[in-house]
Amino acid sequence: MKEQMESVILQCDDVTVDFDGFKAVQGMNLTLVKGELRFLIGPNGAGKTTMLDVICGKTKPAAGKVLFGKSGGIDITRRKEHQIAELGIGRKFQTPSIFASLTVHENFEIAMKQNRGVFAAMRAKLRKEDGERIAAQLEMVGLAEKSQWRAGGLSHGEKQWLEIGMMLLQEPEILLLDEPVAGMTDNETEKTGELLEEIRKTQSVIVVEHDMEFVRNFASFVTVMHEGKLLKEGSMEDVQRDDRVAEVYLGKRRDVDASRSTA
Amino acid sequence: MDVIILQLFNGISVSSILLLIALGLSITFGLMKVINMAHGELIMIGAYTAYVVQNLFADYMPASMFGWYFAIAIPVSFIVAFIFGLVLEMGLIRFLYGRPLDSLLATWGVGLMLQQLARSVFGAPNVGVKSPAWLDGGLTVGDNVFPYKRLFIIGLVLVCLFVMYLYIYRSHPGRRMRAVMQNREMAACLGISTRRVDAVTFAIGSGIAGIAGCALTLIGPIGPAIGTYYIVDAFMVVVLGGVGKLVGTVFGALGIGISNTLFEYWTTASLGKVLVFLCIVAFLQWKPSGFVAMRSRSLDN
Amino acid sequence: MPIRKLSAQRLWLLAAYVAAAAVLFCAPLVLSDFRLNLLAKFLAYAIVALGLDLIWGYTGILSLGHGVFFGLGGYAMAMYLKMQASGGKLPDFMDWSGLTKLPWFWKPFEFLPFAIAAGILLPAILALILGYFTFRNRIRGVYFTILTQALVIITTTLFIGQQAYTGGTNGLTGYSKLFGYSLGSPETKRWLYWVTVAALIGAYLLCRVLVKSRFGKVLRAIRDGENRVRFIGYNPAIYQMVAFAFSAALAGLAGMLFVLHVGIISPSMMGIVPSIEMVLWVAIGGRGTLVGAVLGAVLLNYAKSTFSESYPNIWIVFMGALFVVVVVFLPKGAAGLFGQLKRLRRRRASNEGADGVRYPAV
């Protein structure tokens with residue numbers, strides 16, 4: 001564990017999630033420091049996505065705390081989703097969820113960091129610097145050509161990028177990404193990895209990922225979950241060497257690499 | 001005290017009819033995410049079927065047999081409404097799966113046309129159905145008289161409920177139906193013909209509405225718009241009880257039926273309705289998706 | 001869909017709007033008094049359609065309760081007119097019902113400004129309250145729609161039941177004067193017509209500004225994915241409440257104008273059937289386009305007044321069939337059909353992949 005208490009930004013304490021008797025997460029602990037790129041891995045049903053759901057407020061935990069912010073922070077488990085989002089936690093879902101009937105530009109416009117009150121939205125003007133920011137973001141995610149397209153008409157990969165772009169415009173302090181490279185080409189995957197490296201310079205990121213090659217290429221610190229619990233935390237090398245990790249992935253002792261095909 | 005018992009009895013009687021109507025609504029909504037506003041007109045069809053059967057008996061059967069027309073009318077109402085439901089499902093509803101609001105509007109249009117059809121066939125004024133003699137009178141317990149007609153309706157509903165229970169939870173078609181309800185794609189992959197399940201389920205729900213219409217003829221005269229009196233209350237049952245589970249619908253029907261009767265007794269008919277509505281909204285603050293809710297992990301549900 | 005580039009097209013559009021407004025203002029020159037009164041009524045309906053489109057077409061929330069908001073506006077205006085007609089005495093129907101004193105809530109309706117404010121604010125407040133208790137708990141979709149329909153039922157039963165205060169089934173009628181001018185005179189009718197045109201144009205411009213603003217974009221985003229909107233930090237419930245209340249206020253305004261043109265308001269005008277008919281106007285014209293909603297309301301009502309008197313039965317069947325056809329084949333209404341044709345032509349011309357947007361299932 002890293003001992004940098006002053007820069008801790010998110011701390012999950014003993015989080016338990018109960019779906020009608022099924023404990024999807026049981027006493028999970030997770031600590032994230034500023035500027036960290038954390039990978040959350042584990043076999044299917046390990047509770048990774050549920051963990052992200054708890055952090056962004058989609059699922060309310062039965063027990064435990066999620067503290068957000070510096071020096072202890074505030075417990076966000078009882079906050080509403082939009083409040084958590086406004087505090088600075090952004091979430092990208094597994095399937096691209098964008099606003100299909102809005103144009104790409106409009107999607108960015110409403111995602112952009114701004115006052116989200118009703119009356120502010122009625123008066124809001126697209127200022128010059130906003131336009132420039134959006135243009136820059138469009139350029140970055142490669143959608144500048146299609147800024148006036150309806151988002152529903154984009155390809156799957158483009159939608160993924162659109163959503164990532166929206167999340168960046170939100171300027172959250174923590175980004176939660178659920179399988180960001182699923183369905184992407186090798187090229188796009190590479191680009192996403194580089195983007196993550198870029199983002200962590202200013203923000204913290206938690207990535208749930210099944211693509212082991214991607215994890216190996218970009219992860220420095222990995223958390224492995226199994227059956228709702230923390231199994232192992234450490235560097236990628238540590239995790240790969242761990243017998244228990246290999247066991248849950250394959251049911252027998254073998255290198256975790258081989259799990260790529262089952263994931 | 002006796003008055004309260006009698007009111008409670010009336011409430012249960014109202015609930016039982018609401019239950020019969022709401023059963024079909026709840027199942028079709030749970031299964032196909034379709035709201036059938038023409039459900040009220042299926043009630044009307046059942047009621048007019050009973051009326052026709054009665055007339056046929058009066059015309060072609062010896063007078064001594066007349067009393068038994070009702071025993072025939074119940075299954076015939078079911079069958080006629082079942083067929084109408086099947087046609088409606090195959091001709092319209094199947095194009096509207098998963099679009100509850102659109103299906104609501106389209107079926108409302110269908111309901112409007114069916115009402116007009118009834119008006120041109122049977123005339124706009126209400127018609128009376130003479131209930132069989134063996135249902136006249138009532139059961140006297142202490143100072144209270146419980147009319148046989150209402151007791152009969154409650155019994156009829158209990159039988160329907162029991163049969164539905166057996167069908168949904170104890171039969172093969174019922175199991176297929178529940179499979180489709182829980183995961184349509186997976187059920188289809190396992191070789192279940194979801195099309196057939198949908199059509200049959202919808203038709204059964206319609207048939208039960210037909211029985212409800214038949215039962216309504218015991219209570220009062222019937223007219224082309226008879227369905228509209230009950231349909232909104234039946235929908236409130238679904239809202240209150242939650243979707244897709246029998247127990248929720250039973251709870252919802254009892255809740256609406258009894259509170260309706262009691263509030264109307266304590267205040268006036270119009271204020272009673274307001275109070276019931278407020279109670280429903282208050283209840284939804286506590287359980288927004290009704291008494292029983294089906295959980296889902298998808299983002300937009 | 002490039003918007004900025006089409007300045008020439010925008011100019012044409014602007015010209016078309018100005019022409020339409022001019023035609024509306026000049027209509028009294030050519031139309032008979034009877035026709036003018038009808039048109040005025042239709043234009044009042046068009047204001048309802050605008051509000052309904054905002055909440056249904058743009059936000060994806062179907063309200064079958066707009067008859068109530070329309071009716072509340074109508075009753076507010078009718079109460080003022082009734083007080084004027086009674087000239088300080090108790091309104092006639094109260095006398096018949098055995099009331100001896102004017103009920104307290106009737107008193108302020110003696111003043112026109114209060115009546116007008118109430119006609120707009122009462123529906124808005126009722127919508128806010130209903131919205132607060134539903135949207136906040138994420139009661140939406142058909143659940144919300146059914147609740148609005150229940151609202152219609154209880155309101156009409158309440159108004160019928162409380163005969164002494166509301167005039168019961170007959171509603172409020174039997175008034176003839178506004179500011180001392182006869183409501184029936186062609187002169188007054190013409191003025192009322194112009195007021196209605198002005199109100200419609202005002203409502204249209206207001207809706208347009210709202211729809212084009214970021215507020216409108218958030219509304220459309222809510223229609224596309226309410227939960228997603230939450231996770232980018234907006235509280236959809238507040239947006240839905242404001243849109244619903246605004247929509248109800250427009251219906252109230254329309255109700256007030258309606259009473260001035262028709263001279264009666266009764267529970268049957270705010271019942272289930274009128275409420276759902278309002279939805280049909282928007283569905284026919286094209287939900288999600290303001291012009292479509294206005295045209296839908298005017299044209300459908302024109303058709304209704306033409307056919308329903310001579311063939312009332314056929315009209316009902318026709319209306320039922322219209323619902324089915326529009327929902328199944330024309331989910332975007334006439335405006336959508338028009339847009340589709342235009343797109344088809346453009347695609348042929350440029351052979352470019354146009355946006356294949358399907359209307360979201362609501």
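Throughout, protein chains are lettered first and strands after them, A, B, ... in sequence-line order, and every chain is numbered starting at 1. No experiment lies behind these values; they were computed from the predicted model shown.
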A.B. asks: Should N235(C) and R116(A) count as side-chain neighbours, where that means a heavy-atom distance under 4.5 Å?
C.D. replies: no
A.B. asks: Quick one: pull up NZ in K217(C) and NE2 in H105(A) and give me the separation to the nearest 0.5 Å.
C.D. replies: 8.0 Å
A.B. asks: So which part of V209(C) gets closer than 4.5 Å to some heavy atom of chain A, the side chain, the backbone, both or neither?
C.D. replies: neither
A.B. asks: Could you tell me which portion of K125(A) (side chain, backbone, both or neither) has an atom closer than 4.5 angstrom to a non-hydrogen atom of chain C?
C.D. replies: backbone
A.B. asks: Taking everything shown except E197(A) itself, do over 12 heavy atoms lie less than 6.0 Å from its CD?
C.D. replies: yes
A.B. asks: Count the heavy atoms belonging to other residues, nucleotides or ligands that lie under 6.0 Å from CD of E145(A), then report whether that count exceeds 12.
C.D. replies: no
A.B. asks: Of the listed residues (M167(A), E163(A), R91(A), M166(A)), which shares the most heavy-atom pairs with chain C below a 4.5 Å separation?
C.D. replies: E163(A)
A.B. asks: Once you round to the nearest 0.5 Å, how far does CD1 of I232(C) lie from CD of E86(A)?
C.D. replies: 10.5 Å
A.B. asks: Would you please test E109(A) and K212(C) for salt bridge (charged side-chain N to carboxylate O under 4.0 Å, His left out) and show each step?
C.D. replies: CA-CA 13 Å; E109(A) 196 182 323; K212(C) 296 280 170 196; over 6 Å; no
A.B. asks: So which part of Q114(A) gets closer than 4.5 Å to some heavy atom of chain C, the side chain, the backbone, both or neither?
C.D. replies: side chain
A.B. asks: Please indicate whether K65(A) has more than 12 foreign heavy atoms, meaning atoms of other residues, nucleotides or ligands, lying under 6.0 Å from its NZ.
C.D. replies: no
A.B. asks: Sort by residue number and list every member of residues 246-254 of chain C having a non-hydrogen atom under 4.5 Å from chain A.
C.D. replies: none
A.B. asks: Quick one: closest heavy-atom pair of L102(A) and D224(C), and the distance?
C.D. replies: N-OD2, 3.9 Å
A.B. asks: Between F231(C) and F93(A), does the ring centroid distance fall short of 6.0 Å?
C.D. replies: yes
A.B. asks: Any side-chain heavy-atom pair from R214(C) and M112(A) closer than 4.5 angstrom?
C.D. replies: yes
A.B. asks: Crowded around Y17(C) OH? As in, over 12 foreign heavy atoms under 6.0 Å?
C.D. replies: yes
A.B. asks: Does any N or O in the side chain of Y234(C) come within less than 3.5 Å of the main-chain N or O of G117(A), such that one atom is a donor and the other an acceptor?
C.D. replies: no
A.B. asks: Within the 4.5 Å heavy-atom criterion, are F215(C) and I110(A) side-chain neighbours or not?
C.D. replies: no
A.B. asks: Should we count NZ of K60(A) as having more than 12 external heavy atoms under 6.0 Å?
C.D. replies: yes
A.B. asks: Relative to chain A, which segment of L210(C) carries a heavy atom at a distance below 4.5 Å: side chain, backbone, both, or neither?
C.D. replies: side chain
A.B. asks: Does a donor on one side chain sit under 3.5 Å from an acceptor on the other, for R228(C) and S97(A)?
C.D. replies: yes
A.B. asks: State, to 0.1 Å, how close A121(A) and Y239(C) come at their nearest heavy-atom pair, and which atoms those are.
C.D. replies: CB-OH, 3.3 Å
